[in-house]
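Here's the structure we're looking at; comments come further down.
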Amino acid sequence: MRVLVQRVHGARVVVDDVVVGAIAPDRQGLLALIGITHGDDAPTAARLADKLWRLRILADQRSAADLDAPILVVSQFTLYADTAKGRRPSWHAAAPRETAEPLVTEFAEALRRLGASVATGRFGTHMQVESVNDGPVTVLLES
């Protein structure tokens, strides 16, 4: 599992001209792009959710847990693109929908169980993701 985390001042996900998940523009929060690979499981999702919740990358080296900062979770299978050969990425390392969708949901639910305010994108749809990266700060978490 890979989680590409961006510290943001506002972010939103739009599907078919409708906002389906957002962090208000006046709030500092985290945009978490989630990639699932073969062999990932619910305990892995819960561990990385806990790491993200306590990751000290917000203002004054505080975490989302410290500040009750919102988190926007968006599925992103392209985090497992293999570009080693040729010009066309291979997606073989990305888990199929049947595996990935429940684990992205489990990741968001694990954050909620920790007390996080979580918004999500919509799995398997064409999403427009807008964000204002703060810093910029971008960190990759991996299992």
Side-chain angles (χ1 to χ4, degrees), residues 1-84 88-143:
M1 182 175 288
R2 291 180 178 159
V3 182
L4 186 65
V5 183
Q6 295 182 325
R7 183 175 73 188
V8 298
H9 265 290
R12 69 184 197 154
V13 177
V14 177
V15 176
D16 296 328
D17 297 322
V18 175
V19 176
V20 297
I23 296 172
D26 62 340
R27 294 281 317 268
Q28 187 176 61
L30 299 174
L31 171 60
L33 305 173
I34 313 298
I36 308 294
T37 192
H38 309 279
D40 285 341
D41 55 19
T44 300
R47 273 193 313 276
L48 279 180
D50 184 71
K51 184 165 187 133
L52 173 64
W53 181 234
R54 300 177 198 293
L55 189 65
R56 298 183 169 281
I57 61 170
L58 294 175
D60 300 320
Q61 298 182 10
R62 292 182 288 176
S63 68
D66 295 332
L67 300 175
D68 196 27
I71 301 173
L72 178 57
V73 174
V74 179
S75 63
Q76 184 83 29
F77 78 93
T78 60
L79 289 175
Y80 278 99
D82 180 357
T83 59
R88 183 176 302 154
S90 166
W91 312 111
H92 295 294
R97 180 183 190 126
E98 303 78 40
T99 302
E101 186 171 12
L103 290 176
V104 171
T105 299
E106 173 55 30
F107 183 87
E109 288 303 317
L111 284 167
R112 288 184 182 108
R113 287 191 300 272
L114 292 165
S117 171
V118 178
T120 63
R122 189 171 297 154
F123 194 95
T125 63
H126 181 83
M127 296 177 275
Q128 294 176 330
V129 180
E130 302 169 7
S131 66
V132 177
N133 199 328
D134 180 26
V137 174
T138 303
V139 175
L140 180 64
L141 304 178
E142 244 180 319
S143 61

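Between Ala11 and Ser131, the shortest heavy-atom distance links the atoms CB-CB, 3.8 Å. The two residues Leu72 and Thr120 come nearest to each other via the heavy atoms CD1-N, 3.9 Å. The two atoms that bring Thr99 and Pro102 nearest to each other are O-CD, 3.4 Å, heavy atoms only. Nearest approach of His38 to Ala94, heavy atoms of both residues: NE2-O, 3.4 Å. Nearest heavy atoms, Phe107 versus Leu48: CE1-C, 3.7 Å. Closest approach of Ala49 and Leu111 over heavy atoms only: O-CD2, 3.3 Å.
The backbone N or O of Phe123 sits nowhere less than 3.5 Å from a side-chain atom of Ser75 that would complete a donor-acceptor pair. Of the possible donor and acceptor atoms, one in the side chain of Tyr80 sits under 3.5 Å from a partner among the backbone N and O of Met1. Judged by distance alone, the side chain of Arg56 and the main-chain N or O of Gln61 form a donor-acceptor pair under 3.5 Å. The backbone N or O of Asp134 sits less than 3.5 Å from a side-chain atom of Arg7, completing a donor-acceptor pair.
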Evaluate the side-chain contact (heavy atoms from CB on, under 4.5 Å) criterion for residues Leu31 and Ile23: first the C-alpha distance (whole Å), next the side-chain angles of each, then the deciding distance (0.1 Å), finally the verdict. CA-CA 9 Å; Leu31 171 60; Ile23 296 172; 5.5 Å; no
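Counting only heavy atoms from C-beta outward, the side chains of Leu58 and Leu30 approach each other to under 4.5 Å. Residues Trp91 and Thr78 are in side-chain contact: their nearest non-hydrogen atoms beyond the backbone lie under 4.5 Å apart. Taking 4.5 Å as the limit, some side-chain heavy atom of Leu67 sits within range of a side-chain heavy atom of Gln28. Taking 4.5 Å as the limit, some side-chain heavy atom of Asn133 sits within range of a side-chain heavy atom of Thr138. By the 4.5 Å heavy-atom criterion applied to side chains, Val8 and Val132 are not counted as neighbours. You'll find the side chain of Leu103 stays beyond 4.5 Å of the side chain of Thr44, heavy atoms only.
Residue pairs that meet the side-chain hydrogen bond (donor to acceptor under 3.5 Å, both in side chains) test with at least one member in residues 101-116, sequence neighbours left out, are Arg97-Glu101, Glu106-Arg113, Glu109-Arg112. Applying the salt bridge (charged side-chain N to carboxylate O under 4.0 Å, His left out) test to pairs two or more places apart or on separate chains, those with a residue in residues 37-55 are Asp50-Arg54.
To the nearest 0.5 angstrom, Asp68 atom CG is 5.0 Å from Trp53 atom CH2. Between the CG atom in Asp16 and the CD atom in Gln128 there is a gap of 9.0 Å [rounded to 0.5 Å]. Remark: Leu4 CG to Glu142 CD distance equals 10.5 Å, nearest 0.5 Å.
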